[in-house]
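Keep in mind the model is a prediction, meaning the values are calculated, not measured. Every chain is numbered from 1, with letters handed out A, B, ... down the list of sequences.
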2 protein chains.
Amino acid sequence: MIDCVEFCKALADDTRQRILQMLLEKEMSVSDIVAAFDVSQPTISHHLGILKQFGLLSSRKVGKQVFYTTNRDRVVECCGQLIAKFDAEEGVCEG
Amino acid sequence: MIDCVEFCKALADDTRQRILQMLLEKEMSVSDIVAAFDVSQPTISHHLGILKQFGLLSSRKVGKQVFYTTNRDRVVECCGQLIAKFDAEEGVCEG
DNA sequence: TAGATGCATTGAAAAATATCTATTTATCCA
DNA sequence: TGGATAAATAGATATTTTTCAATGCATCTA
């Protein structure tokens, strides 16, 4: 069971949602991602870290580079837990 | 189509998620809600306003009191849009 | 009508978050 | 090895959000 508040905080940022969406389609290195946005590399790394905490992103290191990709299934699973929190039969789930 | 970032921001607070959950089960007046939490009445009104912006809550005025209740279907619908953003076929939805 | 009650709004302070620059760490290559 | 490149971390600042006290507005009732 994820912490639904923390999960929503993780998605409560435009840059992070755009990163997630971009990495659905293709794997990208950190510098690729930085190039696609108008913020600094440390800021991107910060956002990647937040998304990775929830397993929303996977990463693999190749030489100096780190490639990230979105874990689509995990995103859907977490959203499902969010729905369940508010759509559960009475008395179910983290009351 | 909702703004998924703003929707996540609306849910990115523990008090607001607890309010939403509490009002799934029963309709409550603002003062009832205030009594159930450890924050001030203006703070509760502020949270109610944020949730209401997305139609996640309905309200009706009865005399001096305002009663709120959670729109379960709307919550589910918004969560569904969130999932769709990250689980859509390529090229679908708000690019 | 006057006072009281319930809730929303305003304005300011406190807390949390996003962002940057500078630095560190790891890896590559000449 | 020495220099260069990629990414993470640290520390500081800026912005946003949460919160509260004070106030305003509507409604009830005595």
Side-chain angles (χ1 to χ4, degrees), chain A residues 2-23 26-71 78 82, chain B residues 2-23 26-71 78 82:
Chain A
I2 62 168
D3 178 329
C4 287
V5 173
E6 291 306 310
F7 172 66
C8 288
K9 285 186 186 177
L11 294 193
D13 181 272
D14 183 56
T15 301
R16 286 198 290 274
Q17 286 206 10
R18 284 164 60 203
I19 288 174
L20 263 189
Q21 230 178 358
M22 202 169 63
L23 299 181
K26 53 176 179 293
E27 191 184 51
M28 292 175 79
S29 72
V30 174
S31 25
D32 289 342
I33 302 168
V34 170
F37 290 89
D38 199 28
V39 293
S40 67
Q41 174 266 312
T43 295
I44 293 294
S45 279
H46 173 243
H47 288 311
L48 293 172
I50 289 173
L51 293 171
K52 194 144 189 281
Q53 276 191 325
F54 279 90
L56 304 178
L57 297 181
S58 300
S59 65
R60 68 190 178 99
K61 187 166 182 176
V62 178
K64 286 177 293 186
Q65 309 193 84
V66 178
F67 288 87
Y68 283 86
T69 189
T70 296
N71 258 325
C78 289
L82 183 63
Chain B
I2 61 167
D3 178 329
C4 286
V5 173
E6 291 305 310
F7 172 65
C8 288
K9 284 186 186 177
L11 293 192
D13 181 273
D14 183 56
T15 300
R16 286 198 290 274
Q17 286 205 9
R18 284 164 59 205
I19 289 174
L20 263 189
Q21 230 177 359
M22 201 169 63
L23 299 182
K26 52 177 178 296
E27 192 184 51
M28 292 174 79
S29 71
V30 174
S31 25
D32 289 341
I33 301 168
V34 169
F37 290 90
D38 201 27
V39 293
S40 67
Q41 174 267 311
T43 295
I44 293 294
S45 278
H46 173 244
H47 288 311
L48 293 172
I50 289 173
L51 294 171
K52 192 140 191 279
Q53 276 192 325
F54 280 91
L56 304 177
L57 297 180
S58 297
S59 65
R60 66 189 179 100
K61 186 166 182 176
V62 179
K64 287 177 295 187
Q65 308 193 84
V66 178
F67 288 88
Y68 283 87
T69 189
T70 296
N71 258 325
C78 290
L82 183 63

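- Closest to the side chain of A:Lys9, from the set C:dT17, C:dA8, D:dT19, is C:dT17.
- When rounded to the nearest whole Å, the span between CZ of B:Phe37 and P of C:dC7 equals 15 Å.
- Candidate nucleotides C:dC20, D:dT19, D:dA7 were compared by shortest atom distance to the side chain of A:Pro42, and C:dC20 ranks first.
- Residue B:Ser31 has a polar side-chain atom (N or O) positioned under 4.0 Å from OP1 or OP2 of C:dC7.
- B:Thr43 comes within 4.0 angstrom of a base, heavy atoms only.
- Closest non-hydrogen pair, A:Lys52 versus A:Ser58, comes out as CE-C, 4.3 Å.
- The listed nucleotides are D:dT18, C:dA26, C:dA18; the one nearest the side chain of A:Lys61 is C:dA26.
- Closest non-hydrogen pair, A:Asp13 versus A:Thr15, comes out as OD1-N, 2.9 Å.
- Using a 4.0 Å heavy-atom cutoff across all strands shown, B:Gln65 reaches sugar-phosphate atoms only and no base atom.
- Of the residues A:Leu23, A:Thr70, A:Ile19, the one that meets the side-chain contact (heavy atoms from CB on, under 4.5 Å) test with A:Leu51 is A:Ile19.
- Taking the side chain of A:Lys64 as heavy atoms from C-beta on, and the options C:dT19, C:dC28, D:dA8, the nearest nucleotide is C:dC28.
- Annotation for A:Cys4 and B:Gln17: closest pair O-NE2, 3.3 Å, computed over non-hydrogen atoms.
- Following rounding to the nearest Å, B:Asp38 (CG) and D:dC20 (P) show an atom-to-atom distance of 8 Å.
- Atom CD1 in B:Ile19 sits roughly 12 Å away from atom C1' in D:dT18 (whole-Å rounding).
- The nearest heavy atom of DNA chain C to A:Thr15 and to B:Ser29 marks one nucleotide each, and the one closer to the 5' end goes with B:Ser29.
- Protein atom CD1 of B:Ile50 is 15 Å distant from nucleotide atom P of D:dT16, rounded to whole Å.
- Across all their heavy atoms, B:Tyr68 and B:Val66 have their closest contact at CE1-CG1, 3.5 Å.
- Looking at every heavy atom in both residues, A:Ala10 comes nearest to A:Arg16 through O-NE, 2.6 Å.
- Side-chain nitrogen and oxygen atoms of A:His47 include at least one within less than 4.0 Å of the OP1 or OP2 phosphate oxygen of C:dT19.
- In this structure, NZ of A:Lys52 is placed 13 Å from C1' of D:dA7, rounded to the nearest angstrom.
- Taking only distance into account, the side chain of A:Gln41 never meets the base of D:dA6 through a donor-acceptor pair shorter than 3.5 Å.
- One atom, CG of B:Leu11, and another, P of D:dT18, lie 12 Å apart when rounded to the nearest Å.
- Side-chain nitrogen and oxygen atoms of B:Tyr68 include at least one within less than 4.0 Å of the OP1 or OP2 phosphate oxygen of C:dA8.
- Contacts of A:His46 with the nucleic acid, taken as non-hydrogen atoms under 4.0 Å apart, include base atoms.
- Atom-to-atom, CD1 of A:Ile44 to C1' of D:dA7 comes out at 12 Å; the value is rounded to the nearest Å.
- Within 4.0 Å (heavy atoms only), A:Ser40 reaches at least one base atom of the nucleic acid.
- Heavy-atom distances to DNA chain C give each of A:Glu6 and B:Leu48 a nearest nucleotide, and the one nearer the 5′ end belongs to B:Leu48.
- Residue A:Phe67 contributes atom CZ, which lies 16 Å from atom C1' of C:dA26 at whole-angstrom precision.
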